[in-house]
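Lettering follows sequence order; numbering is per chain, from 1.
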Amino acid sequence: MTQRRLFALSGHWLDRGLSLVCLALGAGVLMIAKGYPTSAGALPMILGWLLMGCGIGLWLFPGKRADMRNVRIGGLLWGMAVFVAVLWLFASLGADVALFVLFVGCAVLSGYPPGLRLVATALLFVILVGAIFGGLLGVPLPGPVFALFSA
Amino acid sequence: MDYSALLAAGAHAFSLWPLLSLLAGVSLGLVVGSIPGLNDTITLAVLVPITFALPSNIAFPLLVGVYCSACFGGAFPAILLKIPGTASSVLTAVDGHAMTRQGRAGQALGIATYSSTFAGTLSALVLIFFAPILAQYALRFGPAEYFALCILGLSTVVGMGAGNAMKSALACLLGLLVAMIGMSPESGYPRFTSGNFWLYEGLPLTPILIGLFGLSVVFEMLSSERSNARDKGADEVPVRFADMLLPWSMVRRLLPTWLNASALGNLVGVLPGAGMLVAIYMAYERVRRKFGERCGQGLPEGIAAPEAANNSVVASSMVPLLSLGIPGNSTSALFLGALLIQGLRPGPSLFTDTPDIAYLIVICFLIANLAMFPLGLLLARIIPNMIRSVPRALLAAAIACLCFTGAFAIGNSVFGIMVAVAFGIIGFMFNRLQVPLSPFILALVLAPVIERAFFQSMSLSGGSVAYFVTQPLSAAMLLFTLIFMVWPLGKLIIRRRRQVPG
């Protein structure tokens with residue numbers, strides 16, 4: 001319990017951090033909404049004040065259950081990197097290549113052993129997705145392989 | 001109520017494709033509900049984009065089937081392995097696993113199946129008879145009543161939600177803020193768009209839900225300890241089919257608990273935003289008060305109460321969505337997405353404009369709950385082995401792929417994926433910081449209604465805010481709003497007084 005209260009990545013310290021973010025966000029919203037006409041800016045102005053009030057409230061009454069310990073930061077960052085790469089692949093090469101990379105990337109990052117078995121599973125899964133979306137449901141997905149299903 | 005439309009929908013639901021789709025949904029729901037880490041919302045988030053290419057009479061039975069059975073599916077691993085498959089089966093694990101350790105796993109599964117079916121069916125009947133009546137009444141609602149109702153929904157989710165009320169309020173405000181992005185409904189002035197034309201229409205709802213429920217789980221899996229392990233718990237528990245069929249004496253014994261828990265569940269479900277956890281904790285607390293120390297040591301009522309409560313929330317949470325256009329919880333917000341994708345307008349006019357679909361949805365809830373009984377008994381022996389055979393890593397990869405494809409398919413653009421990824425990160429942070437998602441979703445969905453209703457009321461009243469309290473129904477709802485807002489403070493004061501010695 002004591003460790004939980006003292007550790008910066010758990011308990012009320014995280015909530016205090018969140019309350020500061022909340023205050024900054026509220027101030028930002030107020031600054032932006034000031035430039036809007038009254039009809040468009042009324043609700044954002046109210047929201048900005050309420051966000052700041054909520055930030056103060058959270059600072060005064062923080063919870064104890066927030067917990068960022070046991071988060072594998074490496075896994076999270078690599079995951080985000082894979083997602084960004086897949087986004088680029090989706091737009092440039094097509095959904096088939098992108099989904100294949102996404103499947104293999106996520107499986108390896110989650111601890112599945114890389115190898116032929118994973119490649120075969122990924123291929124089968126991606127083809128299945130293409131067949132369901134392109135073939136059965138008629139939703140066109142971009143990509144050289146998926147184009148065959150749509151045709 | 002239009003009985004001819006109800007009968008026609010009933011007949012249509014029993015035709016080949018809708019029925020097959022419904023049964024597939026129920027089976028899928030049982031399986032995903034029983035896999036720890038997956039639940040109804042994740043599955044619906046993945047399925048909603050798929051349904052936009054399906055006709056309504058196949059799409060909705062599938063979604064209803066998944067929604068109805070997933071929270072019951074969570075009871076399997078809770079009872080057999082003490083791993084709740086879904087959040088709604090947390091309390092089922094207490095007495096359920098105690099019964100398994102006593103060699104009464106079959107009976108525990110039987111109690112869960114009977115309780116879920118009984119309460120689910122009762123709740124479906126509430127939906128069938130209550131939603132059209134409420135919809136008819138809601139046709140007379142003016143903007144002031146809609147404004148007050150939305151505010152009441154938001155206050156319920158903040159005041160009655162489990163956990164820190166301040167965080168619920170924060171989630172609610174953030175949801176409202178995200179909903180502000182795009183053009184103002186009143187003046188058409190762009191807000192928080194930074195000149196980006198993709199944001200002028202506002203952020204698309206379905207990719208947001210896919211991110212919050214689907215991709216956040218992927219982030220959770222990627223950031224937890226790497227392992228190729230399958231979900232293990234206790235050793236394999238033999239479950240005999242005959243044990244799952246309850247004797248009449250047990251049914252008679254559990255009937256009062258089912259009725260109590262169902263009444264609670266239906267009441268909580270109908271309130272927009274109150275949430276399933278509130279219902280199961282309240283129902284379990286009643287059992288605990290009645291049975292004292294026997295509770296938690298393999299008491300049948302300890303399974304019956306939470307299972308009946310969570311299943312009765314399912315159908316009744318659709319009452320506010322179908323009759324008023326206001327989702328009762330996060331999962332019904334996904335249904336809202338599905339209705340919009342199909343070109344339908346949720347709200348009072350749903351039962352008058354498209355009675356065939358509206359009544360088909362409510363009838364499907366009844367059939368799905370009835371189908372859950374035989375399917376639950378049949379799958380109870382297969383599912384635990386299935387849980388053990390799924391590698392978590394491949395599960396994460398499959399969910400990620402389906403989320404990306406679904407988010408793309410909604411608008412045929414990569415923008416949908418970007419939104420889903422961004423909200424996946426937000427959802428992950430929310431989970432870690434214990435900020436509840438339901439208030440965020442509810443605020444996101446209700447914000448445009450609130451703003452529109454507010455400005456309409458203002459122009460009707462000539463700019464007088466007193467208009468909201470001079471309309472009797474609106475005034476009553478605002479009074480309840482005040483009570484719900486003050487409720488957490490009252491709870492805090494009572495708790496502190498009890499803690500004072502003497």
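Annotation for B:Leu394 and A:Ala107: closest pair CD2-CB, 4.1 Å, computed over non-hydrogen atoms. Across all non-hydrogen atoms, the minimal contact from A:Cys106 to B:Ala400 is SG-CB, 3.8 Å. A:Cys54 and B:Met166 make their closest contact through SG-O, 3.6 Å (heavy atoms, listed as atom of the first residue, atom of the second, distance).
Between A:Phe83 and B:Phe404, the ring planes are perpendicular. Angles over 60° get that label, and only those under 30° would be called parallel. The aromatic rings of B:Phe408 and A:Phe90 are tilted relative to each other, their planes meeting at an angle between 30° and 60°.
Interatomic distance, CG of B:Leu433 versus CG of A:Leu18, reported as 5.5 Å (0.5 Å rounding). In this structure, the separation between CG on B:Leu222 and CG on A:Leu77 is 11.0 Å, given to the nearest 0.5 Å. Distance CG/B:Leu174 to SG/A:Cys22: 6.5 Å, rounded to 0.5 Å. Distance CG/A:Leu102 to CG/B:Leu402: 10.0 Å, rounded to 0.5 Å. A:Leu43 CG to B:Met180 CE: the interatomic distance, rounded to the nearest 0.5 Å, is 4.0 Å.
For A:Ile32, the part lying under 4.5 angstrom from a heavy atom of chain B is the side chain only. Using a 4.5 Å cut-off between heavy atoms, A:Ser19 makes no contact with chain B at all. For B:Met183, no part lies under 4.5 angstrom from a heavy atom of chain A. Residue B:Asn412 touches chain A through its side chain alone, counting heavy-atom pairs closer than 4.5 Å. Only the side chain of A:Leu118 comes within contact range of chain B, with at least one heavy atom under 4.5 Å from a heavy atom of that chain. No part of B:Phe454 comes within reach of chain A, as not one of its non-hydrogen atoms sits under 4.5 angstrom from that chain. For chain B, the nearby parts of A:Phe103 are the backbone and the side chain; heavy atoms of each come within less than 4.5 Å.
B:Leu177 places a side-chain heavy atom less than 4.5 Å from the side chain of A:Leu25. Considering only heavy atoms from C-beta on, B:Lys167 comes within 4.5 Å of A:Asp15 through its side chain. Side-chain contact check for A:Tyr36 versus B:Ser184: every heavy-atom pair is 4.5 Å or farther apart. For the pair A:Ile73 and B:Ser223, the minimum side-chain heavy-atom distance is 4.5 Å or more. Counting heavy atoms from C-beta on, the side chains of A:Leu76 and B:Ile425 never come closer than 4.5 Å. Counting heavy atoms from C-beta outward, B:Tyr189 and A:Ser39 have side chains that stay 4.5 Å or more apart.
Residue with the most contacts toward chain A among B:Met429, B:Gln434, B:Arg432: B:Arg432 (heavy-atom pairs, distance under 4.5 Å). In terms of non-hydrogen atom pairs under 4.5 Å with chain B, the most contact-rich of A:Gly55, A:Pro142, A:Gly48 is A:Pro142. Considering only heavy-atom pairs separated by less than 4.5 Å from chain A, the leading option among B:Ile450, B:Leu54, B:Leu170, B:Asn431 is B:Leu170. Between chain B and the residues A:Ala91, A:Ala95, A:Pro37, A:Gly79, the largest count of heavy-atom pairs under 4.5 Å involves A:Pro37.
For A:Leu60, the CG atom counts as densely surrounded, since its 6.0 Å shell holds more than 12 non-hydrogen atoms of other residues, nucleotides or ligands.
In this structure, B:Arg191 contributes its side chain and A:Gly41 its backbone to no donor-acceptor pair below 3.5 Å.
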Problem set entry | Verdict with supporting geometry, A:Val86 and B:Ile417, side-chain contact (heavy atoms from CB on, under 4.5 Å) | CA-CA 10 Å; A:Val86 167; B:Ile417 306 181; over 6 Å; no
For this session: Please assess B:Val414 against A:Trp88 for the test side-chain contact (heavy atoms from CB on, under 4.5 Å), listing each intermediate value before the final yes or no.
Result: CA-CA 9 Å; B:Val414 183; A:Trp88 178 77; over 6 Å; no
